[in-house]
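Predicted model only: the values in this text are computed from it and were never measured.
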Amino acid sequence: MSIKDKINSIKNDVRNLKQEREEIKLHSTNNSNTKKKNKLKKKNTIQKEVIKIENIEEKKKNKNLEKMYVIPLGGLEEVGKNTTVFQYKDEIILVDAGAIFPDENLPGIDLVIPDYTFLENNKSKIKGLFVTHGHEDHIGGIPYLYEKIEKETPIYSGKLTNALIKSKFENYDKRKKLPKMVEIGPRSKVQVGKYFTVEFIRVTHSIADSYCLSIKTPAGHVFHTGDFKIDLTPIDGEKVDFVRLAELGEEGVDLMLSDSTNSEVEGFTPSERSVGDAFRQEFAKADGRIIVAVFASHVHRIQQIIDIATQYKRKVAIDGRSLVKVFEIAPTVGYLNIPENTLVPLSSVERMDDDKVLILCTGTQGEPMAALSRIAKNMHKHIKLKEGDTVIISSTPIPGNEKAVSNNINNIMRYDADVVFKKIAGIHVSGHGSKEEQKLMLNLINPKHFMPVHGEYRMLKSHMKSAVETGVAKENILITQNGDKVEVTKEYAKVSGKVNSGDILIDGLGVGDIGSKVIKDRQQLAEDGIVIVAYSIDKEAGKIVAGPEISTKGVVYHKDSEDIIKEALDLLKNKIQENKVYEGKDWNELKNNVRDILSRIFYEKFKRNPIVLPMFLEM
């Protein structure tokens, strides 16, 4: 073999050796990858099994969790008709049953209450009604509620609240049998049904006998503040029970519901005592008669006013149905002390010296038929305003009532009377806690979950921010709506459904019989008026024998309307054939034609859409 052949042979051996090494290396790498893949696959399988086991355990745990439900029927995204349902298994209790007064969008309506359909469908489960205090937005719906639920359902509330509720039933229907009414006091514990324990804890508000509620079931502990403020110098000496509130917070609260009315107001709400100081200053300045408009239920303020009147040797006359009622009720339950010979009949005021007179009346919100409104319009039977009178309006207008209150102030000033109201004097303080008081309550109760209630949407959101600032986790705060079904356990609180909710309109003796169509008609009447068209017809012949005659109300002033009315009459005579026989005596075609013709002409002339009402007198 030549040297060249040997060299080529060696090169081949080297190539073969390299190839073998590469194959060995590749084989080794493949084995390693396979091992890694098998190991990873095994790890993933184990992890999946662990997750599966954890999910099963979580489902098992949640399944075993006791659940209760909190269902607001009113009081959310509104100020008024506060009503809340608490349900555990087959038992229900209610907290408050309030009403709200209508705004200008509900002409002719007297009162608005929640829709009680859910309660009516579950009335056999209801074990009791618990009332936090006696304001209209918490007790105004009670007589109507008891038309839907079992009449034997007991009511639990304070002494004054019970008396006010009893008065509600008497005004509603004196023949009705009253439900069982149980009087409670501070730290009273009530066991109802098999599952509910409810405790009353005293707080301060703008009415006596105001309470928070601690509600316990096997599913959890819910705390409801009701309406409250933190008044450290209360008029009646009945202070906020800070000790019990702190104890409940230490016990643990799963969900807290809290009054949001003043959640946008910075700082603390002033004490009611500060109002007394402001009244003294006004009494000292007044040389003539003093007329004070006050909330009828605010017995603490009324007491201060009576005490100051006595100090300045003024006799007191009262006017306003609700105020007269409170003067009958409050003294009998120990919440109003009226010195002997202080009260005088309203009819005697005209014969008394002006500087010896104080008139207490209703009408702080500008209600059209309230005493102050009649005085302001010079329509009152006994009181005629004159120079030297001092009129004190001891309130803040509820949203929507500002215009009516302003009108009263303007009308009073026309008679050269002095008007004192909140904008220029401290003669009113709120009964609701401001931001810092709400934060104090949150700190005392220290809830796991929080649900702001009793307020418009912006108030609920503002209260939510305060809760976050005190340490409540944002994800543990629920902004809810009326009808939401809030599921509560010791681990979580969440919205888990909805029940039927809404508004029921009360018009005179009618409850819920006024629908949106009627309200729309009333609004149209108020905005555009009505046109009445009268024809006389021969019933047998099916022909028009006389007419048309047109009358308008709330459309145009009569003197300005003569030409338009004449034009409308001419148009009707041209378009409506008097000699036409209406077969079958069916006059609907004629009615529709009259409506179309007149609606068109009144819109063309005035850009208004009055209700057109054809009336046929059969001969």
Side-chain contact test, heavy atoms from C-beta onward, threshold under 4.5 Å: evaluate it for [X] versus [Y] and give yes or no.
X: K239; Y: L232; result: no
X: I215; Y: V95; result: yes
X: F268; Y: I230; result: no
X: H300; Y: H205; result: no
X: I329; Y: Y335; result: no
X: I139; Y: V131; result: yes
X: P339; Y: I306; result: yes
X: Y156; Y: S188; result: no

Practice problem: Would you please test K229 and E437 for salt bridge (charged side-chain N to carboxylate O under 4.0 Å, His left out) and show each step? | Solution: CA-CA 7 Å; K229 67 185 283 186; E437 290 151 281; over 6 Å; no

In terms of side-chain heavy atoms, does [X] have a donor or acceptor partner in [Y] at a distance below 3.5 Å?
X: N408; Y: S373; result: yes
X: T225; Y: D259; result: no
X: S157; Y: N162; result: yes
X: D319; Y: H382; result: no

Can any side-chain N or O of [X] pair as donor or acceptor with the backbone N or O of [Y] at less than 3.5 Å?
X: S260; Y: G455; answer: no
X: D137; Y: G98; answer: no
X: N262; Y: V265; answer: no
X: T390; Y: I290; answer: no
X: K384; Y: H380; answer: yes
X: R314; Y: V357; answer: yes
X: S462; Y: S263; answer: yes
X: S210; Y: V203; answer: no
X: Q304; Y: V299; answer: no

So how far is it from [X] [atom1] to [Y] [atom2], rounded to the nearest 0.5 Å?
X: M256; Y: I477; atom1: CE; atom2: CD1; value: 11.0 Å
X: N443; Y: Q438; atom1: CG; atom2: CD; value: 12.5 Å
X: E402; Y: N407; atom1: CD; atom2: CG; value: 11.5 Å
X: L257; Y: C212; atom1: CG; atom2: SG; value: 11.5 Å
X: K403; Y: N410; atom1: NZ; atom2: CG; value: 7.5 Å
X: L346; Y: L360; atom1: CG; atom2: CG; value: 11.0 Å

Self-check item: side-chain contact (heavy atoms from CB on, under 4.5 Å) assessment of H135 paired with S206
Solution: CA-CA 9 Å; H135 277 152; S206 54; 3.0 Å; yes

Considering all heavy atoms, the nearest [X]-[Y] contact:
X: Q365; Y: S395; result: NE2-OG, 3.6 Å
X: I445; Y: L245; result: CD1-O, 3.6 Å
X: T83; Y: A97; result: OG1-CA, 3.5 Å
X: I155; Y: P179; result: CD1-CG, 3.7 Å
X: I113; Y: G141; result: CG2-CA, 4.0 Å
X: P72; Y: T480; result: CG-OG1, 4.5 Å

Take atom [atom1] of [X] as the centre, draw a 6.0 Å sphere, and report whether it contains more than 12 heavy atoms from other residues, nucleotides or ligands.
X: R187; atom1: CZ; value: yes
X: M379; atom1: CE; value: no
X: K180; atom1: NZ; value: no
X: K439; atom1: NZ; value: yes
X: F242; atom1: CZ; value: yes
X: K151; atom1: NZ; value: yes

Practice problem: Classify the ring geometry between Y146 and F169 as parallel (under 30°), tilted (30 to 60°) or perpendicular (over 60°). | Solution: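 Taking F169 first and then Y146, their aromatic rings stand perpendicular (interplane angle over 60°).
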
Quiz item: Would you call the rings of F200 and F130 parallel, tilted or perpendicular if under 30° counts as parallel and over 60° as perpendicular?
Solution: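 Ring orientation, 0 to 90° scale: tilted.
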
Quiz prompt | Pair T161-Y211, side-chain contact (heavy atoms from CB on, under 4.5 Å): steps then yes or no | solution = CA-CA 11 Å; T161 309; Y211 295 96; over 6 Å; no

Self-check item: Centroid separation H454 to H224 less than 6.0 Å
Solution: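 That pair passes the under 6.0 Å test.
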
Quiz item: Is the H463-F450 ring centre distance short of 6.0 angstrom?
Solution: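 They qualify: ring centres under 6.0 Å apart.
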
Exercise. Kindly determine whether E78 and N482 satisfy side chain to side chain donor-acceptor pair (under 3.5 Å), including the steps that lead there.
Key: CA-CA 10 Å; E78 61 188 354; N482 292 333; 3.1 Å; yes

Quiz item: Run the side chain to side chain donor-acceptor pair (under 3.5 Å) check on T233 and S271 step by step: do they pass?
Solution: CA-CA 6 Å; T233 57; S271 170; 2.7 Å; yes

Practice problem: With sequence neighbours excluded, tell me which residues meet ring-ring contact (aromatic ring centres under 6.0 Å, His included) with F223. | Solution: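 Per chain and number, F223 pairs via ring-ring contact (aromatic ring centres under 6.0 Å, His included) with no residue.
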
Quiz item: So, E264 and R458, do they make that salt bridge, N to O below 4.0 Å?
Solution: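 Between R458 and E264 there is a salt bridge, with a charged N closer than 4.0 Å to a carboxylate O.
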
Quiz prompt | Worked check of side chain to side chain donor-acceptor pair (under 3.5 Å) between D227 and H138 | solution = CA-CA 9 Å; D227 288 358; H138 293 258; 3.0 Å; yes

Exercise. Can you tell me which residue pairs pass the salt bridge (charged side-chain N to carboxylate O under 4.0 Å, His left out) test with a partner in residues 285-313, sequence neighbours excluded?
Key: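 Applying salt bridge (charged side-chain N to carboxylate O under 4.0 Å, His left out) to every pair that reaches into residues 285-313, excluding sequence neighbours, yields E272-R301, E282-K285, R289-D389.
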
Exercise. Output every pair passing salt bridge (charged side-chain N to carboxylate O under 4.0 Å, His left out) with a member in residues 340-365, not counting sequence neighbours, ordered by first then second residue.
Key: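 Listed once each, the pairs are D354-K386.
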
Practice problem: Begin with the C-alpha distance, continue with both residues' side-chain angles, and end with the deciding distance and a verdict on side-chain contact (heavy atoms from CB on, under 4.5 Å) for V333 and D209. | Solution: CA-CA 11 Å; V333 293; D209 274 344; over 6 Å; no

Quiz item: What's the verdict on side-chain contact (heavy atoms from CB on, under 4.5 Å) for L73 and L119, showing C-alpha distance, side-chain angles and the deciding distance?
Solution: CA-CA 10 Å; L73 295 181; L119 298 177; 3.8 Å; yes

